[in-house]
Engineer: 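Got a structure for you, written out below as structure tokens; questions coming shortly.
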There are 2 protein chains.
Amino acid sequence: MVALRRIVRLFRLADREAEAQYGLSAAQLFVLHVLWQEPAMSLADVAARTMTDQSSVSTVVAKLVDKKLVTKKPATDRRRAELRLTAKGEIIVRTAPRLPQVSALDVIAAMPGKQRAELVRAFESFAAAIGANEMAPRMLFEDEPARPRRSRTDVPA
Amino acid sequence: MVALRRIVRLFRLADREAEAQYGLSAAQLFVLHVLWQEPAMSLADVAARTMTDQSSVSTVVAKLVDKKLVTKKPATDRRRAELRLTAKGEIIVRTAPRLPQVSALDVIAAMPGKQRAELVRAFESFAAAIGANEMAPRMLFEDEPARPRRSRTDVPA
DNA sequence: GGCCGATCCATGGGATCCCATGCATTGTCT
DNA sequence: AGACAATGCATGGGATCCCATGGATCGGCC
């Protein structure tokens with residue numbers, strides 16, 4: 001369906017204005033935004049909230065720490081790191097152009113309630129119909145049996 | 001919105017079964033599917049239909065040609081190449097697991113007409129609301145003024 | 001305290017994606 | 001025929017994404 005493909009592509013071709021002005025990629029800006037909403041108690045927390053893999057977030061966050069936009073403080077559990085915006089990072093989130101993913105939420109919030117409910121219902125029924133919801137629980141920290149560590153022997157047949 | 005993010009993630013974590021069995025990535029399988037629907041008169045044609053960049057398609061198609069799943073034949077205009085599936089490629093498209101992007105279309109086709117119309121309308125109004133449609137015309141070969149060749153001086157400010 | 005399984009994150013490897021650019025080809029104009 | 005702008009694709013560079021894995025840390029059990 002063309003509309004869905006366009007949406008996906010828009011999200012992919014995220015605004016380059018932030019990059020031109022601030023030297024930030026869309027992924028970096030998205031992580032900044034996520035931390036602006038709430039600091040994270042771990043990298044895995046960020047990964048869950050951005051719905052990307054831990055290893056991807058590790059790389060992006062490292063760059064943001066380099067740029068002094070994010071601080072990374074060892075937690076009590078020394079395997080973890082607490083992540084929050086620096087003052088500089090906060091200014092950037094406030095002044096940088098909005099990512100499509102972020103401004104889309106504004107569009108939805110501004111919708112009349114009835115229309116918004118319809119839209120949400122349509123999206124959710126579609127996500128259920130194509131099995132997208134079965135991908136999510138692992139990422140959303142819902143109660144789940146521990147997932148076996150990934151290995152070659154666990155590759156689905 | 002969670003449902004939409006789940007959908008996007010599902011598409012990203014495309015089925016790994018094809019990869020395990022056939023050594024094909026989701027992108028490769030998607031291109032096979034697109035060529036199965038109709039051979040392409042050029043790489044740009046494939047790029048438009050997959051809504052990805054020409055350079056990405058160039059790489060993916062090169063690999064499919066290597067694997068003898070696609071043939072690449074110079075066209076009359078020697079800048080272009082005509083692409084079509086080999087017999088081997090056709091067998092694979094028929095027997096390989098369906099990509100979520102492809103099976104999603106089946107889900108939609110199987111919907112009752114009223115529900116389908118609602119869903120399509122929801123997606124299209126959302127796409128319009130977030131400006132996704134303004135990204136697309138260039139890719140869809142619609143009549144448009146020629147886009148200037150990309151160069152550093154054309155980077156949006 | 002020692003052992004072991006579980007967990008967290010950094011890192012490697014590979015693929016894909018985009019933008020930019022070079023080179024070959026084509027079409028148009030003089 | 002020659003010049004030039006436009007077009008198509010391969011390729012380089014960089015970023016991100018995922019899976020796999022290693023090393024450090026933690027928690028539970030003996």
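Proteins come first, then strands; the chains are lettered A, B, ... in the order of their sequence lines, and each starts at number 1.
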Engineer: Between atom CG in B:D53 and atom P in D:dT7, what is the gap in whole Å?
Structural biologist: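 It is 16 Å, rounded to the nearest whole Å.
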
Engineer: Atom pairs under 3.5 Å, N or O on each side, protein against nucleotides 12-14 of chain D: can you list them with distances?
Structural biologist:
none

Engineer: Is any side-chain N or O of A:S56 closer than 4.0 Å to OP1 or OP2 of D:dC18?
Structural biologist: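 Yes, because at least one side-chain N or O of A:S56 sits under 4.0 Å from OP1 or OP2 of D:dC18.
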
Engineer: Which whole-number value in Å describes the distance from B:D45 CG to D:dT7 C1'?
Structural biologist: 15 Å

Engineer: Applying side chain to side chain contact (heavy atoms under 4.5 Å, CB included), can you list everything that pairs with A:S58, at least two apart in sequence or on another chain?
Structural biologist: A:L43, A:Q54

Engineer: I want to confirm an ordering. Mapping B:V57 and A:V57 to their closest nucleotides on DNA chain D, which one lands closer to the 5' end?
Structural biologist: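 It is B:V57, whose closest nucleotide lies nearer the 5' terminus.
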
Engineer: Taking B:W36 as the starting point, is it possible to reach B:V34 by hopping between hydrophobic residues whose side chains are less than 4.5 Å apart?
Structural biologist: yes

Engineer: Is it true that a side-chain atom of B:K67 and a backbone atom of B:G23 form a donor plus acceptor pair closer than 3.5 Å?
Structural biologist: yes

Engineer: Has the side chain of B:Q54 got a donor or acceptor that lies under 3.5 Å from a partner of the other kind on the base of D:dA10?
Structural biologist: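 Present.
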
Engineer: With a 4.5 Å cut-off on side-chain heavy-atom distances among I, L, V, M, F, W and Y, is there a chain of contacts connecting A:V65 to A:L24?
Structural biologist: yes

Engineer: Let me confirm one number: the OG1-CG distance from B:T71 to B:L64, rounded to the nearest 0.5 Å.
Structural biologist: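 The OG1 atom of B:T71 sits 11.0 Å away from the CG atom of B:L64.
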
Engineer: Taking the side chain as everything from C-beta on, heavy atoms only, tell me whether A:T59 gets closer than 4.5 Å to A:K63.
Structural biologist: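 Yes - at least one pair of side-chain heavy atoms lies under 4.5 Å apart.
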
Engineer: The side chain of A:S25 is closest to which nucleotide in this list: C:dC9, C:dC18, D:dT16?
Structural biologist: D:dT16

Engineer: Counting only N and O atoms by type, is there a donor-acceptor contact under 3.5 Å from the side chain of A:T86 to the main-chain atoms of A:K68?
Structural biologist: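 A pair under 3.5 Å: yes.
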
Engineer: Would you indicate which nucleotide in C:dC9, C:dT16, D:dC9 comes nearest to any side-chain atom of B:R80?
Structural biologist: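 Among the listed nucleotides, the one closest to the side chain of B:R80 is D:dC9.
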
Engineer: Between D:dC17, C:dC9, D:dC9, which one does the side chain of B:S58 approach most closely?
Structural biologist: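 Of all the options, the side chain of B:S58 is nearest to D:dC9.
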
Engineer: Are B:L69 and B:L85 packed together at the side-chain level, in the sense that at least one heavy-atom pair is separated by less than 4.5 angstrom?
Structural biologist: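 Not touching, per the 4.5 Å side-chain cut-off.
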
Engineer: Rounded to whole angstroms, how far apart are CG on A:L83 and C1' on C:dC9?
Structural biologist: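 After rounding, the reported distance stands at 11 Å.
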
Engineer: Can you check the B:L64 CG to C:dA15 P distance for me, whole Å?
Structural biologist: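 The answer, rounded to whole Å, is 12 Å.
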
Engineer: Ignoring the backbone of B:L43, work out which of D:dA10, D:dT11, C:dC9 is nearest its side chain.
Structural biologist: D:dA10

Engineer: Which pairs, with at least one residue in residues 83-92 of chain A and sequence neighbours excluded, count as a salt bridge (Lys or Arg N to Asp or Glu O under 4.0 Å)?
Structural biologist: A:E90-A:R94

Engineer: When you match A:A27 and B:T59 each to their closest nucleotide on DNA chain D, which lands nearer the 5' end?
Structural biologist: B:T59

Engineer: Which residues pass the side chain to side chain contact (heavy atoms under 4.5 Å, CB included) test with B:A81, sequence neighbours left out?
Structural biologist: B:K72

Engineer: Please give, in whole Å, the distance from C:dA15 P to B:L29 CG?
Structural biologist: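 Atom-to-atom, B:L29 to C:dA15, this comes out as 16 Å.
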
Engineer: Report the distance from atom CD of B:E82 to atom CG of B:L35, rounding to the nearest 0.5 Å.
Structural biologist: 12.0 Å

Engineer: Membership question, hydrophobic clusters at under 4.5 Å side-chain separation (ILVMFWY): are B:M41 and B:V61 in the same one?
Structural biologist: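 In one cluster with B:V61: B:M41, no.
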
Engineer: Mind grabbing the angle between the end helix axes of the helix from C:dG1-D:dC30 to C:dT30-D:dA1? Five pairs an end, 10° rounding.
Structural biologist: 0°

Engineer: Expected output is a numbered-order residue list: members of residues 67-79 of chain A with a heavy atom under 4.0 Å from any atom of DNA chain C. What is it?
Structural biologist: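 Listed by number, they are A:K72, A:R79.
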
